[in-house]
Chemist: 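Take this structure, written in structure tokens, and hold onto it; I'll ask about it next.
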Protein chains: 2
Amino acid sequence: MQLSRYFPVLDWGRTYNRQALSNDMIAAVIVTIMLIPQSLAYALLAGLPAEAGIYASIAPIILYAIFGTSRALAVGPVAVVSLLTASAIGQVAEQGTAGYAIAALTLAFLSGGFLMLMGVFRLGFLANFLSHPVIAGFITASGILIATSQLKHILGVSAHGHTLPEMLGSIFAHLSDINWITLIIGVSATAFLFWVRKNLKPTLRSMGLSPLLADILTKAGPVAAVVTTTVAVWLFGLDGRGVKIVGEVPQSLPPLTLPGFSPDLISALLVPAILISVIGFVESVSVAQTLAAKKRQRIDPDQELIGLGAANIGAAFTGGYPVTGGFARSVVNFDAGAETPAAGAYTAIGLAFAAVALTPLVYYLPNATLAATIIVAVLSLVDLSILKKTWGYSRADFIAVAATIVLTLGLGVEVGVATGVALSVLLHLYKTSRPHVAEVGLVPGTQHFRNINRHKVETDPTLMSLRVDESLYFVNARFLEDMVQNRVTDNTSIKNVVLIFSAVNEVDYSALESLEAINTRLKEMNVGLHISEIKGPVMDRLKRSHFIDDLNGRVFLSQYDAWTALSGDQVALAGE
Amino acid sequence: MQLSRYFPVLDWGRTYNRQALSNDMIAAVIVTIMLIPQSLAYALLAGLPAEAGIYASIAPIILYAIFGTSRALAVGPVAVVSLLTASAIGQVAEQGTAGYAIAALTLAFLSGGFLMLMGVFRLGFLANFLSHPVIAGFITASGILIATSQLKHILGVSAHGHTLPEMLGSIFAHLSDINWITLIIGVSATAFLFWVRKNLKPTLRSMGLSPLLADILTKAGPVAAVVTTTVAVWLFGLDGRGVKIVGEVPQSLPPLTLPGFSPDLISALLVPAILISVIGFVESVSVAQTLAAKKRQRIDPDQELIGLGAANIGAAFTGGYPVTGGFARSVVNFDAGAETPAAGAYTAIGLAFAAVALTPLVYYLPNATLAATIIVAVLSLVDLSILKKTWGYSRADFIAVAATIVLTLGLGVEVGVATGVALSVLLHLYKTSRPHVAEVGLVPGTQHFRNINRHKVETDPTLMSLRVDESLYFVNARFLEDMVQNRVTDNTSIKNVVLIFSAVNEVDYSALESLEAINTRLKEMNVGLHISEIKGPVMDRLKRSHFIDDLNGRVFLSQYDAWTALSGDQVALAGE
């Protein structure tokens, strides 16, 4: 029982049958075809040799199949994590050096270790500090950054930088070096891939192809672009005319590698590793949840941490770099009918075959084509509508999105995310700092109480009933103190105050002291303080203090009881 | 109207009469007697010449009388702010130099400016980020630090340091330099003052003195210690035998001074100035609120910021250092019958007279006596019972207090407060990250719903009603998503889910997306999602999105409506 919690493979493996095998095999073939160009492209984005992308898809997929709880999640290099990798290791080593590759392994190792620790201590909830708007803003900004970073490959110039202004400035400075043949290849490939994504499937369907076949052919679009441009370069010797190509890719299974363990390297990469882990985990879990729901299956977020952690540690020892569950590949895997994580294992076998047998075929593949596949893939991540949606729904969320986007583009991914998280927390606290407090009166003929400003209700001038619409804690404790004191000071006919606690889910020690202060002050003013509709857990806690004993008035189970006991016969009709 | 908001003096000044005048004068005399030794002592604590303490009590009191809203608050140097001042300016200048005094003026100026800005923009609520436990822990730790810092004056050795280990280590290293005459004076003065504080008032009362007179004589205890030890030093020439004395104090009204405006100085003092402002403001407002409540008066916290800001700016230009509303002096002022801020102005006149006429009298006053008055005053601030109280009430609050105390003592005041604030926020977010969610059923024969685990209630196996006891926002949005999905996946007989929103005070954009995800997933599982008892403001906000339109089920005003509409006839009795 305990064992199968940590090794979900023991669960689904026991009931594995021929039907599942054949479904998983079909899914694996489709995903493998899609992954070959994608893996090469993301390695390029991370600044690593092309084979690193393939290696990062083999061991990690198998390890996730053993430890992961999602039936459909496909683990491997993804765009955003590749960008984060390039940004992190670009700060400790020069691209193309041995140190750069070792830093990538170390980053994967640290990220895997961190995910494992989070999983073992069941700290998955910490990822929730990344609010949806911050994630959406970050993904959108990352998409823009990634697409921009690929422009240099399309233009055939050398450029660098990790922020939008740096990248654009660098590209602009090198504009005179444009290689026109590269540009033609890059632009045609991009245009072709956009056309495939948008129009190929309907066209094939209208030609009478089955939906599945139409889908597979559409997903194979990048393969067509790769083959065509590779053949063109080889035929016309374009590499001799300045077109950058992938070149020699070692023909081998993933090598056994060791991450670096120097304290300097580890301390430099620790914060980026945490960031990569958290962002990768959040993306991965939301994909896994969505796919699991479609089949009324469960995933266990804390075990997911262990699965992703194992995958990253696997990447660190087999020549890869940080990986996570990718959205596009997982959806393809799911749609293609994958039933179990075994589909991932078969994909790994397919990719291992590609690594051994097919790498010579990509020698003449132009970098511009890979850049085109990246651009087309990531532009689908760019969704500026989140700005409009949050603006309409809540200004606080809008501010968090806008700040995340602007700072990620302008100052880099780490500053962007950190500011987004800090802003979300501060804005949330700010919203709860001045809680909504409604003065309520009795709806005539019922036992219900409603806001006296919104409804025609009965009130009693000697009784003030306040419904507090917020948990009480240090940020708003003093607000309540001031508010009650001011209202009672301003209206000397008040003899009793009832605080309605139906929406108070917590009273922390600061709020307890504020309630005690209110109680003492009202006592000195000869005004009774009463509480109604207090929840079980809140009451349990208040009973640990002297507050209830010292209370100047009474505790009522329902507000109607309070009204019955405290209202005199001087009932006035308010709201008219 | 607007004018008197910013100048409360226009309010109370208009009705000022002979009765108020005589009450205010009596209070002023009592407070002046108490303030003379206290001002000298706190200046010593701040590392400044004795006269700075007197100057800091003159202009600030008058400015507060014009701008402040509390009738009884007495503004001037206080122990904790003096400690913070010593800690802050000790990092930019050597004690005893001209730079040190200028840094003190600059600190007062920055603190005043910051308070003024907060007041003008009505940002007083920001002070609420300091929770009561953090403040209590900080005040207690400060009391211990201050008392320890005065040991060197009692022992007659030179020592330094801003943390407890530093201070104790430094005193220990200088133990061989003890001046025994100083030690005798210091210990006798301390013992005498403790006796006065504890026993003098009851003794005097039992001798038949009136309560007021007994009180005045008790408050004058430090004056007696000052006079006795000063005379002893003068008579026996003890200053020639190594007893450190106050020495020459210029005989003058407060001088006109200018704070330093160099960017280096300002950037070094800005953070401490903010800390001093916030802590001073919090202390001051809570004293003012407490005193105002006793007479059913109001204070305006935002105007208090302006009053305290003006007082500090006044201190900066008249040879003082940062000031705030003191607890002890305000209570004395209130008990002595002060009716209006004019009492403060008369106190200022008394202190100005002291500055001109009485300073030669304190030439032979030993520093050990001043240290004794400080020790006796601050030990009343030390209240370790907060540890026990918070431990009993809430572990999260206990952790915040304990961390604040330990870190303030061990690493200094700034680290202590910063960690305390950060911890309070994180612990609060943690508590809301896994909200209490109760599955409820109908209490037979009523329209009320209660937790099925706590009460004997009717349930329907096809209907799951969940009462969510927390506002929904990014930190707990995914928790709700996972919980609903897991429960529905585990129990396939469920056909309808009702979320009861009576305690949901907010739904932010992240939670909206989670609700949408829940809705989509339940729809795919053929399970209805319904919401009941949603609050007006939350509904208003949800209506800005498509959620309500897309909802898979219905919105019910009350949970009873939902039960009536959704429960079949398969009613089972749970909880038996």
Chemist: In terms of heavy-atom pairs under 4.5 Å with chain A, which of B:R541, B:R454, B:R434 leads?
Modeler: B:R541
Chemist: As an exercise, state the distance from OG1 of A:T489 to CD1 of B:I299, rounded to the nearest 0.5 Å.
Modeler: 11.0 Å
Chemist: Taking side chain as everything from C-beta outward and backbone as N, CA, C, O, which of these in B:D300 sits under 4.5 Å from a heavy atom of chain A? Side chain, backbone, both or neither.
Modeler: neither
Chemist: Would A:K389 and B:H546 satisfy side-chain contact (heavy atoms from CB on, under 4.5 Å), going step by step from the backbone distance to the final call?
Modeler: CA-CA 10 Å; A:K389 285 188 210 153; B:H546 294 293; over 6 Å; no
Chemist: Could you go through the side-chain contact (heavy atoms from CB on, under 4.5 Å) check for A:R478 and B:H132 one step at a time?
Modeler: CA-CA 10 Å; A:R478 226 166 266 117; B:H132 293 207; 3.5 Å; yes
Chemist: Using a cut-off of under 4.5 Å for heavy-atom pairs, which of A:T520, A:N451, A:D490 has the most such pairs with chain B?
Modeler: A:D490
Chemist: Search all heavy atoms of A:S131 against all heavy atoms of B:S510 and return the closest pair with its distance.
Modeler: CB-OG, 3.4 Å
Chemist: Below 4.5 Å, heavy atoms only, C-beta onward: do B:Y509 and A:P133 meet side chain to side chain?
Modeler: yes
Chemist: Which residue in the set B:D397, B:V425, B:V134 passes side chain to side chain contact (heavy atoms under 4.5 Å, CB included) when paired with A:F474?
Modeler: B:V425
Chemist: Is chain A contacted by the side chain of B:S433, its backbone, both, or neither, given a heavy-atom distance below 4.5 Å?
Modeler: side chain
Chemist: Which one of B:V285, B:I135, B:L542, B:L130 has the most heavy-atom pairs closer than 4.5 Å to chain A?
Modeler: B:L542
Chemist: Atom OG1 of A:T390 and atom CG of B:D508: how far apart are they, to the nearest 0.5 Å?
Modeler: 11.0 Å
Chemist: Which answer fits A:R450, side chain, backbone, both or neither, if we ask what part of it has an atom under 4.5 Å from a heavy atom of chain B?
Modeler: neither
Chemist: Please classify the contact between B:I518 and chain A as side chain, backbone, both or neither, with a heavy-atom cut-off of under 4.5 Å.
Modeler: neither
Chemist: Who wins among B:N486, B:V401, B:L429, B:V488 for the most heavy-atom pairs under 4.5 Å with chain A?
Modeler: B:N486
Chemist: Nearest 0.5 angstrom please: A:S502 OG to B:K535 NZ, how far?
Modeler: 5.5 Å
Chemist: Side chain, backbone, both or neither: which part of A:L522 has an atom under 4.5 Å from a heavy atom of chain B?
Modeler: neither
Chemist: For the pair A:H436 and B:E506, evaluate side-chain contact (heavy atoms from CB on, under 4.5 Å) and give the outcome as yes or no after the intermediate values.
Modeler: CA-CA 10 Å; A:H436 181 247; B:E506 194 210 343; over 6 Å; no
Chemist: Identify which part of A:A292 has an atom lying under 4.5 Å from any heavy atom of chain B, answering side chain, backbone, both or neither.
Modeler: both
Chemist: Given the options B:R521, B:E513, B:R544, which has more heavy-atom pairs under 4.5 Å with chain A than any of the others?
Modeler: B:R521
Chemist: Name the region of B:P301, side chain, backbone, both or neither, that has any atom closer than 4.5 Å to a heavy atom of chain A.
Modeler: side chain
Chemist: For the pair B:E470 and A:S471, evaluate side-chain contact (heavy atoms from CB on, under 4.5 Å) and give the outcome as yes or no after the intermediate values.
Modeler: CA-CA 8 Å; B:E470 194 63 71; A:S471 291; 3.9 Å; yes
Chemist: Please state whether the side chain, the backbone, both or neither of A:V507 comes within less than 4.5 Å of a heavy atom of chain B.
Modeler: both
Chemist: Sort A:V527 into side chain, backbone, both or neither according to what part of it lies under 4.5 angstrom from a heavy atom of chain B.
Modeler: side chain
Chemist: B:H428 vs A:Y473 aromatic rings, parallel, tilted or perpendicular, using cut-offs 30° and 60°?
Modeler: parallel
Chemist: For atom CZ of B:F327, decide whether the heavy atoms of other residues, nucleotides or ligands shown that lie under 6.0 angstrom number more than 12.
Modeler: no
Chemist: Going by side chain to side chain contact (heavy atoms under 4.5 Å, CB included), B:N505 matches just one of A:V468, A:T432, A:D469. Which one?
Modeler: A:D469
Chemist: Given that the side chain runs from C-beta out, which part of A:V504 has a heavy atom under 4.5 Å from chain B: side chain, backbone, both or neither?
Modeler: neither
Chemist: Which one wins on heavy-atom pair count under 4.5 Å against chain B: A:K543, A:E481, A:E524?
Modeler: A:E524
Chemist: Tell me every residue that passes side chain to side chain donor-acceptor pair (under 3.5 Å) with B:H448, counting only those two or more places apart in sequence or in another chain.
Modeler: none
